[in-house]
Protein chains: 2
Amino acid sequence: MIIARDTLVDALVARLRDDVLSGRYPPGAYLPSERELAAEYGVTRTSLKHALSRLGQLGLVETKHGVGTRVLDYLSSGGPELLPMLVVANGPDWLEEIFQTRREIGALVYAHAARRRRPEHCADLRTLHGAVAAAETADDAQLAECEIHRVLAAASGNRVYGFLVNSLLNAYLPVRQLLIAPFRDPGRAAERLTPLIDAVCAGEAEEAHAAATRYLAETERLMLGGEDR
Amino acid sequence: MIIARDTLVDALVARLRDDVLSGRYPPGAYLPSERELAAEYGVTRTSLKHALSRLGQLGLVETKHGVGTRVLDYLSSGGPELLPMLVVANGPDWLEEIFQTRREIGALVYAHAARRRRPEHCADLRTLHGAVAAAETADDAQLAECEIHRVLAAASGNRVYGFLVNSLLNAYLPVRQLLIAPFRDPGRAAERLTPLIDAVCAGEAEEAHAAATRYLAETERLMLGGEDR
DNA sequence: GATGGCTCAGTGGATGAGCCACTCATCCAG
DNA sequence: CTGGATGAGTGGCTCATCCACTGAGCCATC
């Protein structure tokens with residue numbers, strides 16, 4: 001286990017992010033001046049600026065010289081990089097939409113993977129599939145399955161799809177402990193993966209599309225508390 | 001036209017980003033120490049740190065206290081927020097993959113839009129469609145068309161799809177001048193949109209899917225220099 | 001010889017005072 | 001009524017300085 005103690009700026013970012021997401025500073029509103037905020041949180045203006053700068057990069061706020069820092073309408077203009085943050089703050093609100101996206105994009109991308117996979121992708125998939133089956137903890141199985149999704153996305157031959165899948169994984173990883181049910185029995189988790197991996201390695205695009213849809217829907221059901229068998 | 005002069009930190013971010021993308025600092029390599037970099041660029045360490053912090057938020061580098069700042073393997077682990085940057089640096093390399101993604105995700109999302117659109121979405125679509133037709137410049141037509149994509153994504157009822165579409169638009173906007181051909185004749189641009197918008201407003205999901213695919217493929221062809229008619 | 005603790009050089013983290021540049025509302029002179 | 005000057009308030013940026021962390025190497029100990 002890695003102990004990654006947060007830095008002061010990380011804590012500030014988290015705090016300001018919460019203040020924005022909770023509605024304390026709604027979209028369109030101006031934040032207090034940097035000098036005021038720094039005083040309120042008991043930090044230097046320099047540190048506060050670092051935090052604001054990162055929120056700006058995230059697309060949550062916009063700073064204008066001589067004017068101030070304004071909260072943006074991130075729900076309208078934001079990108080998927082906001083998902084991890086939003087999921088941590090309001091997980092249940094987002095589950096359904098993320099699952100739908102995962103299911104539909106997954107089917108699309110994994111069908112491409114079946115068409116364009118190369119031998120090394122298949123080798124990686126087999127290795128990871130084995131790692132899921134042999135995992136000693138649910139945690140290991142879950143992480144190995146994530147890598148499978150990455151390899152499948154890479155096999156699609158479209159790097160943009162790789163980015164999209166990474167986005168969804170990034171939203172999933174911070175809350176994965178809550179969605180670990182499908183991996184409690186690693187052996188069965190691996191069995192569920194078999195049809196998808198076989199279809200992709202065999203180059204059967206139609207079948208991969210169907211298998212992906214089935215697999216993703218089934219794991220969702222289990223994540224949401226359905227019984228396994 | 002808005003004159004948004006770059007700030008020093010913006011320039012630093014751009015410079016460091018180029019140094020990373022150009023391979024001067026390949027993934028896995030450590031950047032020189034902050035003190036050295038600050039001296040090299042003739043700026044304060046404070047400003048340099050602001051730039052590095054933003055690159056970190058972007059997922060391009062990772063900084064560890066007491067160790068240094070390392071370039072990440074952004075092609076493997078990054079998200080779509082990297083696209084604007086990558087497109088500006090190596091546009092042609094990415095065009096094909098972005099177009100494929102736009103076409104396939106667009107068809108998927110706009111089919112959902114046909115199923116779930118609400119009256120206000122249709123009203124917005126009609127207004128924007130009119131704005132494209134009446135645009136006095138290709139520029140205005142292009143921007144209005146972008147808004148149409150945003151409204152369509154919103155109409156899908158899935159905010160995650162909205163984020164994905166925003167990502168693609170963000171990658172497109174910085175280079176849109178190079179891809180403005182389809183909007184040289186705003187009237188014809190609006191004509192091309194008609195089947196898609198009609199299908200969505202009529203709630204015909206299958207037809208919306210097909211119309212979206214046709215529309216997106218046709219505009220791509222024109223963007224890449226095909227003749228219009 | 002292997003172990004465990006120490007030191008030290010180098011790195012990033014954070015501070016706080018200070019000055020500069022920009023924006024906007026206001027006011028006043030023409 | 002117009003146009004320019006003013007000033008308060010904002011963020012941009014610098015500087016000098018200190019703190020905290022890491023890792024390599026040394027060395028006494030076992």
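To find a chain, count down the sequence lines: A is the first, B the second, and so on, and within it residues start at 1.
The main-chain N or O of B:Asp140 is found under 3.5 Å from a side-chain atom of B:Thr137 such that the two form a donor-acceptor pair. A donor-acceptor pair under 3.5 Å links the side-chain atoms of B:Arg117 to the main chain of B:Val200, judged by distance alone.
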Q: List the steps and the verdict of side chain to side chain donor-acceptor pair (under 3.5 Å) for B:Asp10 and B:Thr7.
A: CA-CA 5 Å; B:Asp10 288 334; B:Thr7 190; 5.0 Å; no
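Atom CZ of A:Arg150 has more than 12 heavy atoms from other residues, nucleotides or ligands within 6.0 Å.
If you take NE2 of A:His50 and C1' of D:dG12, they are 13 Å apart, rounded to a whole angstrom. Rounding to whole angstrom units, OH of residue A:Tyr30 and P of C:dT23 are separated by 12 Å. Per the geometry, CG belonging to A:Leu48 stands 11 Å off P belonging to D:dG12, to the nearest Å. Atom CG of B:Asp10 is separated from atom C1' of D:dC13 by 13 Å (rounded to the nearest Å).
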Could you list all N or O pairs between the protein and nucleotides 9-13 of chain C that sit under 3.5 Å apart?
from   : atom 1 : to      : atom 2 : distance (Å)
C:dG10 : N2     : B:Gly66 : O      : 3.2
C:dG12 : OP1    : B:Glu34 : N      : 3.4
C:dG12 : OP2    : B:Glu34 : N      : 2.8
C:dG12 : N7     : B:Arg35 : NH1    : 2.9
C:dG12 : N7     : B:Arg45 : NH2    : 3.4
C:dG12 : O6     : B:Arg35 : NH2    : 3.1
C:dG12 : N2     : B:His65 : NE2    : 3.2
C:dG12 : N3     : B:His65 : NE2    : 3.2
C:dG13 : OP2    : B:Lys49 : NZ     : 2.6
C:dG13 : O3'    : A:Thr7  : OG1    : 3.0
C:dG13 : N7     : B:Arg45 : NH2    : 2.8
C:dG13 : O6     : B:Arg45 : NH1    : 3.1

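Between B:Tyr110 and B:His149, the ring-plane angle classifies as parallel under the 30° and 60° cut-offs.
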Pairs under 3.5 angstrom only: tabulate donor-acceptor contacts from the side chains of residues 12-19 of chain B to other protein residues two or more places apart or in another chain.
from    : atom 1 : to      : atom 2 : distance (Å)
B:Asp19 : OD2    : B:Arg24 : NH1    : 3.2
B:Asp19 : OD2    : B:Tyr41 : OH     : 2.6

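Contact check, B:Thr46 against D:dC13: no side-chain N or O comes under 4.0 Å of OP1 or OP2.
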